[in-house]
Engineer: 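Mind looking over this structure? Questions follow.
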Number of protein chains: 2
Amino acid sequence: MNFDIRMAHLFSSLDDNQVRQVMESSHISTFQDGESLFETGDEANRFFLVIGGQVKLFRVSSNGDQKIIDIIQPGNTFAEALMFMEHPIYPVCAEALGPAKIISFDCKRFLQILSQSFSVCFRIMGTMSQRLRGLIKEIDDLTLQSATTRMCAMLLRRMEEIGKSHFTLPAAKGVLAARLSMKPETFSRILQNLSSKNILNTKGNEIQVIDTELLRSLAHLESVLGLEPEVHCTLSGAKSLHSD
Amino acid sequence: MNFDIRMAHLFSSLDDNQVRQVMESSHISTFQDGESLFETGDEANRFFLVIGGQVKLFRVSSNGDQKIIDIIQPGNTFAEALMFMEHPIYPVCAEALGPAKIISFDCKRFLQILSQSFSVCFRIMGTMSQRLRGLIKEIDDLTLQSATTRMCAMLLRRMEEIGKSHFTLPAAKGVLAARLSMKPETFSRILQNLSSKNILNTKGNEIQVIDTELLRSLAHLESVLGLEPEVHCTLSGAKSLHSD
DNA sequence: TTTGGGCCTTGATTTTCATCAAATGGCGAA
DNA sequence: TTCGCCATTTGATGAAAATCAAGGCCCAAA
């Protein structure tokens, strides 16, 4: 059960003594699939570190749709930014995606430690700064890009993460669809479409990328645009299935 | 020319001596309408405080469209979060919206000051935390909401900011459209539509809100839903113009 | 083995918004 | 004043993705 929290970026510059202090106010818990950690609007007096499984952060619209903001992987913290607000309120819901093991920390306690160490402060600011950047990227993905583009970018990211052209999708298709802000039907159709263009093969949750270059050019239209004039931009709707 | 930078939240807890240090590395500049402060990808070694006019932060898509991430008002800082990254690169473009007066600060220098004062650190973290929150809100606006919803939310925000039901739009319509991630044509049509429903009157950039409740219910569908069964959700396309 | 229930796929249709193209209107400069 | 330029409006059309509605698939429990 001894997990060194210094594996997480956020804690990486704590000394042994500080780690001990932080751990004093921590709880380890396990969550079932779908179990809630907190909801939008709850008072935020703890933050979290995922040490096993996954946690999805999402918001719910009035009609019940979920928009998944992020899927937190083991070794990562979340909700730590709220610590610095006057009236900390979680802006999202969090729930376990599959069984998950999570450590939670008391915000006040952690702030005390922060006020002893500039290097930890700076590290936190670095983390927050990266998140900001990520969200900005996300916003322009959402507005500037089509569903197909988002799909391709996600596949590429995953592919480069794994390092092989054959890989497994990191979550159920429905979940990924929500992450990419599209309906499961659309997700399915786009995958189907990419497959019919011989850009990739798919079997269940397994993906085999065939034409990486084309995938890349679809992911960020700016770069290779024009390499494949037949296909470049207009690959998208189900209607173009028979177009070549 | 003596502007107390402590008016900005970020600097508010600096003492006189620290202010002096910060100012040593600062430059005041004026910018013409449309003049660029920096571009996406530029090395980020300065951050900024707007003391007059407005600055728009935006990203550009491959086809030349602009997505406006934020419009910075006087008294506010921006790009300060980049300071904490290893290879600081501006993730957005910034340009003056109308003539603007801006102070820029050297990041390195400010970091030195930071490492003297926890309260300034905490304040920055607070600022960043708020921005994070804002961006998350933005993401769900973009994904969960329709163009009409975004428009209504913007109008309401503006109305409550001014405190009167009669107000002027805070920028040119085209700019606002980009801010709300829609085309000027769409912006125009939605406004026209709201007007035809007697929710508001519009003349140039002047808006007179008539039915605040209805506007509110359109802005966040969850609340008053059902108050006006005829209209509640389906007010949107230009086609429904003649629907009642 | 059969059954049932998620999840995913597929097809048909509709909605929303972008795009294209053409007025309209205001406003400053000549 | 008139001209020309720009932002905005308006109309017609198209494309992307949501929605609605079945159907298929896989797996786990009976």
Side-chain angles (χ1 to χ4, degrees), chain A residues 33-34 61-67 97-98 141-152 168-169 171-178 180-196 202-207 218 221 232-243, chain B residues 33-34 61-67 97-98 141-152 168-169 171-196 202-207 218 221 233-243:
Chain A
D33 178 45
S61 76
S62 43
N63 56 39
D65 277 6
Q66 288 187 2
K67 162 57 190 161
L97 207 57
D141 279 359
L142 287 173
T143 56
L144 267 26
Q145 319 280 15
S146 70
T148 300
T149 308
R150 274 176 270 145
M151 166 76 88
C152 294
T168 307
L169 291 174
K173 291 181 180 178
V175 172
L176 290 177
L180 298 174
S181 294
M182 63 182 80
K183 297 289 147 184
E185 294 95 322
T186 306
F187 187 96
S188 178
R189 277 188 251 266
I190 291 174
L191 215 48
Q192 162 60 27
N193 197 346
L194 291 173
S195 170
S196 80
T202 145
K203 182 171 185 205
N205 272 22
E206 305 290 312
I207 303 283
L218 287 168
L221 305 176
H232 59 52
C233 275
T234 49
L235 176 107
S236 43
K239 282 146 196 167
S240 57
L241 241 164
H242 317 286
S243 63
Chain B
D33 178 45
S61 75
S62 42
N63 57 40
D65 277 7
Q66 288 188 1
K67 161 58 189 160
L97 208 56
D141 278 0
L142 288 173
T143 55
L144 267 24
Q145 319 279 16
S146 70
T148 302
T149 309
R150 272 175 273 146
M151 167 77 87
C152 293
T168 307
L169 291 174
K173 292 181 180 177
V175 173
L176 290 178
R179 178 80 237 282
L180 298 174
S181 294
M182 62 182 80
K183 297 289 145 182
E185 295 95 320
T186 306
F187 187 96
S188 176
R189 279 187 250 266
I190 291 175
L191 215 48
Q192 163 59 25
N193 196 346
L194 290 172
S195 171
S196 79
T202 145
K203 183 172 185 206
N205 273 23
E206 305 290 311
I207 302 284
L218 286 167
L221 305 175
C233 274
T234 49
L235 175 107
S236 45
K239 282 146 196 169
S240 57
L241 241 163
H242 317 285
S243 63

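A quick note: this is a predicted structure, and the numbers were derived from the prediction, not measured. Reckoned from all heavy atoms, side chains included, excluding hydrogens, waters and symmetry mates.
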Engineer: Sequence neighbours excluded, which residues qualify as side-chain hydrogen bond (donor to acceptor under 3.5 Å, both in side chains) partners of Thr168(A)?
Structural biologist: Glu206(A)
Engineer: The test is side chain to side chain contact (heavy atoms under 4.5 Å, CB included); show your working for Leu218(B) and Leu194(B) and say whether it passes.
Structural biologist: CA-CA 10 Å; Leu218(B) 286 167; Leu194(B) 290 172; 4.1 Å; yes
Engineer: Under 4.0 Å between any heavy atoms, over every strand shown, what does Ser181(B) touch: base, sugar-phosphate, or nothing? Just pick one.
Structural biologist: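 Answer is sugar-phosphate: Ser181(B) comes under 4.0 Å of backbone atoms only.
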Engineer: Report, as a single string ordered 5' to 3', how protein heavy atoms within less than 4.0 Å touch nucleotides 20-25 of chain C: B base, S sugar-phosphate only, - not at all.
Structural biologist: B-----
Engineer: Which residues pass the salt bridge (Lys or Arg N to Asp or Glu O under 4.0 Å) test with Lys173(A), not counting sequence neighbours?
Structural biologist: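 Lys173(A): no salt bridge (Lys or Arg N to Asp or Glu O under 4.0 Å) contacts found.
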Engineer: Could I get the full list of side chain to side chain contact (heavy atoms under 4.5 Å, CB included) partners for Ala171(B), not counting sequence neighbours?
Structural biologist: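 Checked Ala171(B) against side chain to side chain contact (heavy atoms under 4.5 Å, CB included); matches are Val175(B), Leu176(B).
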Engineer: Report each atom pair, protein N/O against N/O of nucleotides 5-8 of chain C, whose distance is under 3.5 angstrom.
Structural biologist:
residue : atom : partner   : partner atom : Å
dC8(C)  : OP1  : Lys173(A) : N            : 3.0
dC8(C)  : OP2  : Gly174(A) : N            : 3.1

Engineer: So does Gln192(A) get a side-chain nitrogen or oxygen closer than 4.0 Å to the phosphate oxygens (OP1/OP2) of dT9(C)?
Structural biologist: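 No.
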Engineer: Measure from CG on Leu142(B) to P on dA18(D) and round the result to the nearest Å.
Structural biologist: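 About 14 Å, once rounded to whole Å.
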Engineer: Sequence neighbours excluded, which residues qualify as salt bridge (Lys or Arg N to Asp or Glu O under 4.0 Å) partners of Arg150(B)?
Structural biologist: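 Per chain and number, Arg150(B) pairs via salt bridge (Lys or Arg N to Asp or Glu O under 4.0 Å) with no residue.
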Engineer: Whether Thr186(A) contacts dA18(D) is assessed here as follows: a side-chain N or O lying under 4.0 Å from the phosphate OP1 or OP2. Is that the case?
Structural biologist: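 For dA18(D), OP1 or OP2 has a side-chain N or O of Thr186(A) closer than 4.0 Å.
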Engineer: Tell me the interatomic distance from Leu218(A), atom CG, to dA16(D), atom P, rounded to whole angstroms.
Structural biologist: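 Rounding to the nearest Å, CG of Leu218(A) and P of dA16(D) are 13 Å apart.
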Engineer: Only counting residues at least two apart or in another chain, list the ones meeting salt bridge (Lys or Arg N to Asp or Glu O under 4.0 Å) with Asp65(A).
Structural biologist: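 Counting only residues at least two positions away or on another chain, Asp65(A) forms a salt bridge (Lys or Arg N to Asp or Glu O under 4.0 Å) with Lys183(A).
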Engineer: The criterion is side-chain hydrogen bond (donor to acceptor under 3.5 Å, both in side chains); which residues satisfy it with Thr186(A), sequence neighbours excluded?
Structural biologist: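 Here no residue qualifies.
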Engineer: Given axes from five pairs at either end, by how many degrees does the helix from dC8(C)-dG23(D) to dA30(C)-dT1(D) bend, rounded to 10°?
Structural biologist: 30°
